[in-house]
Amino acid sequence: MKLLEIQNLEIQFPSRKSTLTAVDNVSLSVDRGDILGIVGESGAGKSTVGNALIGLLEPPGIMTNGKIYLEDQRIDDLPESEKQKIRGKKIGMIFQDPLTSLNPLQTIETQLVETIDLHLQIGEEKARQRAMELLGQVGIPDPEIRVKQYPHQFSGGMRQRVVVALALCAEPTLIIADEPTTALDVSIQAQILDLMRVLCKQKNVGMIIITHDMGVIADITDRVAVMYHGNLVEHGHTAKILGDPDHPYTQSLISAVPRPDVKLVRFPQVTYIEDIETKKEDIDISSHWLGQGQNFKSADGPLIKLNNITMRFTTKPAILKKNRIYLDAVKNVSLDIKEGEVFGLVGESGSGKSTLARIICGLYSPLLGEVIFSDTNLTALKRQEELDPFRRQMQMIFQDPFSSLNPRMRVHDIVAEPIWFHKLASSKSEASDIIIDLLEHVGLGSQAATKYPHEFSGGQRQRISIARALATRPRFLICDEPTSALDVSIQAQILNLLKDLQAELGLTILFISHDLPVIRQMCDRVGVMKDGELCELNETELLFDNPQHDYTKHLLDLMPRLDGLSLEGLELSSDN
Amino acid sequence: MFTFILKRLLQSVVVMLTVALIAFSLFRYVGDPINNMVGQDTSLEERAELRERLGLNDPFFLQFYRFAADASVGEFGFSYQHRRPVKELIAERLPATLELALVSAILALAIGIPMGVYTALRRNGFLSRTFMTISLIGVSLPTFLIGILLILLFGVILRWLPTFGRGDIIEIGWWSTGFLTASGLKSLIMPSITLALFQMTLIMRLVRAEMLEVLRADFVKFARARGLPTRSVHFRHALKNTLVPVITITGLQLGSIIAFAIITESVFQWPGMGLLFIQAIGEVDIPVMAAYLVLIAFFFVVINMVVDILYFVVDPRLRIDKALANGQ
C-alpha cells in the first residue's frame, strides 16, 4: 500500500483572458519512510502540487482533473470540514520562511498547545507536556524556558525547528516541506535537513520536499521528480537523475548548477529557458565607447586596498555613552584587490560582507581604517565633488532585481541616469546610442529601452542592473549576491555574462556571495568572513582544496556534494 | 519601558506648554482684555489702574508663567460672558461631551470592527458590497446633514426621539449623567449615531484593509495547514494581528470625537463643551476659548499616551527591547 498516491493531477488557474494550467497530468506516489523531492524552477508548479495535497490551493486555482489517495482513501473530493481534519493530523506542512510562519503575537506554547489539543484532544495539561517533548525532539535546548517565549525571541534556524515541531504535533503520516531551508544559512540548512531526515526515518513518515535547490535534493531525498512548466518531465531515484538524467530539461538544469568540485571556464549554455537575444560581437575595448575615457591612472599597487576597517553600528541608542550598545559589523579587516581580478567574499548572514561592500563604495563611512582606491585615500575625501570621479569608477549591482530598479522609470531612463549625472555624453542622441549598445551587450535587445521594469523577469532585470552599472564606464564592480534571488539556469546565464564582460572590459570585480560553488566558479581569490572578521584569504583553488581556518573547513564540509555529476563535455578551467 | 514612558511624559509636557502658549497669546492679541471686562463709561485712569492691578503690565514671561501655573490646576479665570469661573462652566459641560464621545466611540468600535472583519472575509458577498457602499455614503456625507436628516425622520416625522438637549439628567456628585433616565438615553441615540458614523466607516475600512493584508501572511496559511478551525484562524490569529494600526487610529479618532463634537452638539443643541466653545467664539469669550484649547490638547496627549502603552500590551515584539538591553 502506498502512503500517498497522486493520479493525473491537473490544476488550472482560470483568469478573465485565458486559463493557465499550472499542473498538468502529474502522477506521483510516496511510501512511509520515503523522501521524495520535487524540483523545478519558479513557475514550474511544484508548490501548487503541495498546496493541492492539503486542499489549500490559492484562489482562483482549481483541481480540474485527477485523484489523490492518502492511505487508500480518496481525499481530494472530501468536503472542506473533512479536509480540515486531515490537515495537521495526517499531513503536516512546513513552509519556506520561518520568520513569517509563526504568529508573532502568541507564545510558542500557545501555538503548540492549540494545535496539539485540537488534533489529539488530550487536554491542556498533557498537550503542554507534549509541546515540551516535541521541542526537545526537534533539538531546541531548554524547552521549559523556550516554550514560554515569543517567535521573535528565536533565531531563524530555531524558528524553523519550531515550525517542524508544529508540523509534527499530531504525528502525521506525511510531511510536505515547501522550500524548508531556502531562507536559512548553509550551516543551519544542514542542521534542519539532518533533523528532517532523522525524524522521517525514526517516525516512519513519508516526506515530500519541494525545492529549487539541487544541493538539498542531493543531500536528503531518496527519489526526485523534476517539474517544468507544470509537467512532470522526469522521475526516479535521486542518484540516477543527478548522475544520468534522460530528459533534456533535467540535463540543462543540472548543468546550470554551479559545481562545487571543479572550476569551469564558463557555464554550459543552458537551453530550455527564457529567450535571451544572442549577444553582439565581442567588445573591442580599444575602439568601443566603454573603453574610452578609461584613461585612469593605473594604480601602482592593488586597485583597492582596505586598511584595518572597523564599522560600528549603535543598536541601542542612549543619552549616556555607557548605556549604548554597539555592534561591530566589521572588525579590523584589511585586504587588497588587484586590478583585473575577481575577488570573492563569502560568509553567512550577519558576517559583515555586505557592510564591507557598502564601505568601499562610500555608502557607509567606517569608524576606523581607510579605503584606498587607486592610490587615493577615499576616507579622507570629504567633499562630494572630490568623490564623484571615484564613484564613477566603481559601480554596484544589488541582490534583489525587483527593488533595485525604479518601477516608474523606463529602462532607457534608468540606464541614462548615471550617464547624465557623470556627464558622459554630450547629446541626447549620443546617450541613446550608448544605451542601446549597452542593452544589446547584456543580451536584452534595443526594444527593451522603451519598456518599464515590471515587463521583465528577474534575470532580465538583473541584466538591466548590469547595463546601468556599466553606463559609467567603471573599472570596478561590486556585485552583492547578484544571483541569489534567481533560478539556477538564469543564474548560470548572468554569471556567464559577468565573466564575459569582465574578460572583455578588464573589470575588477568584488563578488559577494553566501554560495560557495558560485564563488568557486567566479573568483580568483576569496576572503572568508565570520562575525565581521576576515578569517581566511587565499587563491580560490587553494582555499577549496586546502582550507586552513576551521571555519572555512566547516563551511566547505556543509557544501552540498552533488557527487556523481559527469564532467562530460565540460571545459575545465586551467586553474585546476 | 519605564524610560519610554518617561520620554513620552517629557514630550507631553512640551506639547502642553506649546498649546498653553498659543492659548495665552489669545489674551494678549485677540482684543484688549480690559476692554472686554469693563463697561464703556470706565475712565482711562480706572482702566490703567485695573491693568496694573491685574498684572497686565508685567513682563511677558512672568504673565505666561502665571497663566501656565494657574492652568495646570485648572484655573482659567472668569468667563467674560457668563461672569462665572471657567472651571465651573467646564465642569458643568464636560460630562455631557464625555458621555456622548464615549457612547459614539463604543458604537464605532462595536459595529466597525465586526463589519470590517466580515467584509474582509466575504470580500465579494452581497452584504459586504452593501456595507462598503453604505460606508462610502457615511464617509462622504457631512455630519450636520446626517444629523438634520435623522432629526427630520425620527424627531419630526416619526416623533420617536427627542430632537435636542440631554433629556433628564441625574447628578452624581459634580458629574451629571444621562445614562440613568429613559429620556436621557433616548436623547443620546441620535447624536451618538451622528457622531459615530464617520468613525465607524473609517474603522471598518481600516480593519478590512489590515485583515486582507494579514490573511495573506504566511502564518495564517500555516495555521490553516495545521488544520486549525477557520474561526480560530480568523479571530485568534488574524484579527489580533490587525490591532496595532486599529488602536492607533482609534486613539486619534477618540481625541477628535471629543474635540470636534462641536458640529453634532450644535445640531442637537447638546449642552456640552463644543456648544460652549461655539458660543464663546461668538462672544469673543477668551478665557473659555483658552481653557477649551488647553483641555482638548490635554485629552489628545493622554489618549496618545494610553495608545503607546497599549502597543506594549498587544505586541510582544516591542517588549523585547527591554530584555535585550538587559543583556539576554
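Quick note: numbers below take in every heavy atom, side chains included, and nothing from hydrogens, waters or symmetry partners. We name chains A, B, ... by the order of the sequence lines, and we start the count at 1 in each one.
Pairing each heavy atom of A:Leu105 with each of B:Val314, the nearest pair is CD2-O, 3.7 Å. Taking every heavy atom of both residues into account, A:Phe95 and B:Ala225 meet most closely at CE1-CB, 4.1 Å. Of all the heavy atoms in B:Phe222 and A:Met93, the pair that sits closest is CE1-O, 2.9 Å. The two residues B:Pro316 and A:Pro104 make their nearest non-hydrogen contact at CG-O, 3.3 Å. When all heavy atoms of B:Arg226 and A:Leu118 are compared, the pair lying nearest together is O-CD2, 4.5 Å.
Heavy atoms of A:Ile86 lying under 4.5 Å from chain B are absent altogether. Looking at A:Leu166, both its backbone and its side chain come within 4.5 Å of chain B, counting heavy atoms on both sides. Of the two parts of B:Ala217, neither the backbone nor the side chain holds a non-hydrogen atom closer than 4.5 Å to a non-hydrogen atom of chain A. Heavy atoms of A:Glu58 lying under 4.5 Å from chain B belong exclusively to its side chain.
The number of heavy-atom neighbours closer than 6.0 Å to OH of B:Tyr65, taken from other residues, nucleotides and ligands shown, is 12 or below. Shown here is B:Lys221, whose NZ atom has more than 12 heavy atoms of other residues, nucleotides or ligands within 6.0 Å. At most 12 heavy atoms of other shown residues, nucleotides or ligands fall within 6.0 angstrom of atom CZ in B:Phe298. Under a cut-off of 6.0 angstrom, the local environment of CZ in B:Arg66 is crowded, with over 12 non-hydrogen atoms contributed by other residues, nucleotides or ligands. Annotation for B:Phe61: atom CZ does not count as buried by contact number, only 12 or fewer foreign heavy atoms lying within 6.0 Å. Atom CD of A:Glu71 has more than 12 neighbouring heavy atoms from other residues, nucleotides or ligands inside a 6.0 Å radius. Surrounding CZ of B:Arg123 are at most 12 heavy atoms belonging to other residues, nucleotides or ligands under 6.0 Å away.
For the set B:Pro229, B:Ala238, B:Ser232, the count of heavy-atom pairs under 4.5 angstrom toward chain A peaks at B:Pro229. Taking chain B as the reference chain and counting heavy-atom pairs below 4.5 Å, the highest number among A:Lys85, A:Glu114, A:His119 is found for A:Glu114.
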Open item on the list: Could you walk me through whether B:Lys240 and A:Asn103 satisfy the side chain to side chain contact (heavy atoms under 4.5 Å, CB included) test, starting with their C-alpha distance in whole Å, then the side-chain angles of each, then the deciding distance to 0.1 Å, before giving a yes or no?
Closed with: CA-CA 10 Å; B:Lys240 213 181 157 198; A:Asn103 184 345; 6.0 Å; no
Open item on the list: With side chain to side chain contact (heavy atoms under 4.5 Å, CB included) as the criterion, how do A:Gln84 and B:Thr230 come out once you've worked through the C-alpha distance, each side chain's angles and the decisive distance to 0.1 Å?
Closed with: CA-CA 9 Å; A:Gln84 203 170 325; B:Thr230 321; 4.0 Å; yes
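No side-chain heavy atom of B:Asp218 sits less than 4.5 Å from a side-chain heavy atom of A:Gln96.
Atom CG of B:Leu228 is separated from atom CD of A:Gln111 by 9.0 Å, given to the nearest 0.5 angstrom.
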